[in-house]
Amino acid sequence: MSKVFELNHPLIQHKLTLIRDKETGAKDFRDLVKEVSMLMAYEVTRDLPLEDVEVETPVCNATLKRISGRKLGIVPILRAGLGMVDGFLSLLPAAKVGHIGLYRDPKTLKPVEYYCKLPSDVEERDLLLVDPMLATGGSAIAAIGFLKDRGAVNIKLVSLISCPEGLKAVQDAHPDVDIYVGSIDEKLNEHAYIVPGLGDAGDRLFGTK
Ligand code: URA
């Protein structure tokens with residue numbers, strides 16, 4: 001079974017409270033999503049392997065650490081996932097960015113893929129799949145499936161806000177994918193919105209409400 005990490009650093013909790021406030025406008029919402037994403041990127045990369053490297057400082061030669069191992073990829077689920085990319089890239093500038101476009105069929109509520117463009121060496125990269133809201137889990141489950149179909153083997157899912165229903169659904173479908181969230185909220189409502197949540201993340205990011 002995969003692990004769920006609730007990243008409840010005080011800065012993440014504080015900024016999520018501001019993000020949730022319905023009076024927070026699109027610009028502040030975007031800035032805050034970027035800041036929380038950056039803080040989450042810091043936590044999500046805690047287990048990156050390190051290797052020794054020899055460096056000549058102005059004072060002496062030293063054996064120091066640098067990140068080793070597989071390269072990284074960031075994959076936002078369109079469109080709300082786009083809001084998290086800049087925060088991740090600001091800490092991981094060498095990562096490549098793929099995109100997966102899914103929409104939820106309004107009748108079946110099931111995800112349908114309409115776009116997928118990934119780094120050509122996707123099977124050699126550790127992937128961070130980002131989507132601000134882990135609600136039913138349907139989009140994340142489908143996106144992880146598409147990534148695996150294209151050869152991805154090491155995937156982490158990162159969401160700002162989640163709920164027990166979505167977490168369980170993803171864990172059941174993809175027990176190899178660890179999940180990192182800023183909050184585990186109470187529940188889903190009858191419209192598949194997270195409660196208390198923050199409303200529609202895509203609309204709030206892009207002002208399309
Ligand atoms: N997607 C959102 O943007 N918000 C929710 O609460 C659930 C899904």
Side-chain angles (χ1 to χ4, degrees), residues 4-8 12-41 74-88 99-116 128-147 155-174 177 179-209:
V4 174
F5 300 91
E6 190 176 14
L7 307 176
N8 52 9
I12 294 179
Q13 293 189 56
H14 176 81
K15 288 173 191 293
L16 280 181
T17 298
L18 298 175
I19 286 174
R20 291 174 188 275
D21 188 334
K22 68 175 184 176
E23 301 301 334
T24 300
K27 184 194 178 302
D28 288 342
F29 190 91
R30 276 194 295 274
D31 291 347
L32 286 160
V33 168
K34 177 177 174 181
E35 288 169 19
V36 173
S37 301
M38 200 171 10
L39 293 166
M40 293 187 77
I74 302 161
V75 182
I77 301 180
L78 301 178
R79 78 189 151 135
L82 290 175
M84 297 177 67
V85 173
D86 281 354
F88 273 77
H99 295 87
I100 292 190
L102 299 168
Y103 66 86
R104 195 160 45 169
D105 185 296
K107 289 210 182 82
T108 64
L109 298 183
K110 292 215 181 316
V112 182
E113 181 186 316
Y114 66 87
Y115 186 78
C116 185
L128 304 173
L129 179 66
V130 298
D131 193 359
M133 308 301 280
L134 176 51
T136 62
S139 299
I141 290 168
I144 294 165
F146 297 138
L147 293 175
I155 304 167
K156 291 175 177 173
L157 172 64
V158 190
S159 291
L160 304 189
I161 295 181
S162 67
C163 59
E165 297 90 329
L167 289 168
K168 179 173 185 323
V170 175
Q171 285 189 298
D172 287 348
H174 296 290
V177 173
I179 308 171
Y180 295 77
V181 297
S183 170
I184 303 174
D185 277 14
E186 191 188 326
K187 60 173 183 185
L188 279 183
N189 70 14
E190 62 279 17
H191 304 293
Y193 275 87
I194 296 176
V195 180
L198 51 67
D200 187 298
D203 281 347
R204 295 198 61 192
L205 274 168
F206 300 112
T208 48
K209 223 174 356 165

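Counting convention: from 1, in listed order, for ligands and their atoms alike. The basis for the numbers below is simple: all heavy atoms, side chains too, and nothing from hydrogens, waters or symmetry mates.
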Sidechain-backbone polar pair: E186 side chain, V195 backbone, donor-acceptor under 3.5 Å: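 The answer is no, because no donor-acceptor pair under 3.5 Å joins these two groups.
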
Side-chain donor/acceptor of R20 to backbone N/O of L198, under 3.5 Å: no

Would K168 and D172 satisfy salt bridge (Lys or Arg N to Asp or Glu O under 4.0 Å), going step by step from the backbone distance to the final call? CA-CA 6 Å; K168 179 173 185 323; D172 287 348; 2.6 Å; yes

Would you check if there is a donor-acceptor pair between the side chains of D203 and T208 at a distance under 3.5 Å? yes

Quick note, ring pair (Phe, Tyr, Trp, His ring centres under 6.0 Å) partners involving residues 179-209, not counting sequence neighbours, are F5-Y180

Pocket residues of ligand 1, ordered first by chain and then by residue number (heavy-atom cut-off under 4.0 Å): M133, A135, A192, Y193, I194, G199, D200, A201

NZ/NE/NH1/NH2 to OD/OE distance under 4.0 Å, R204 and D200: no

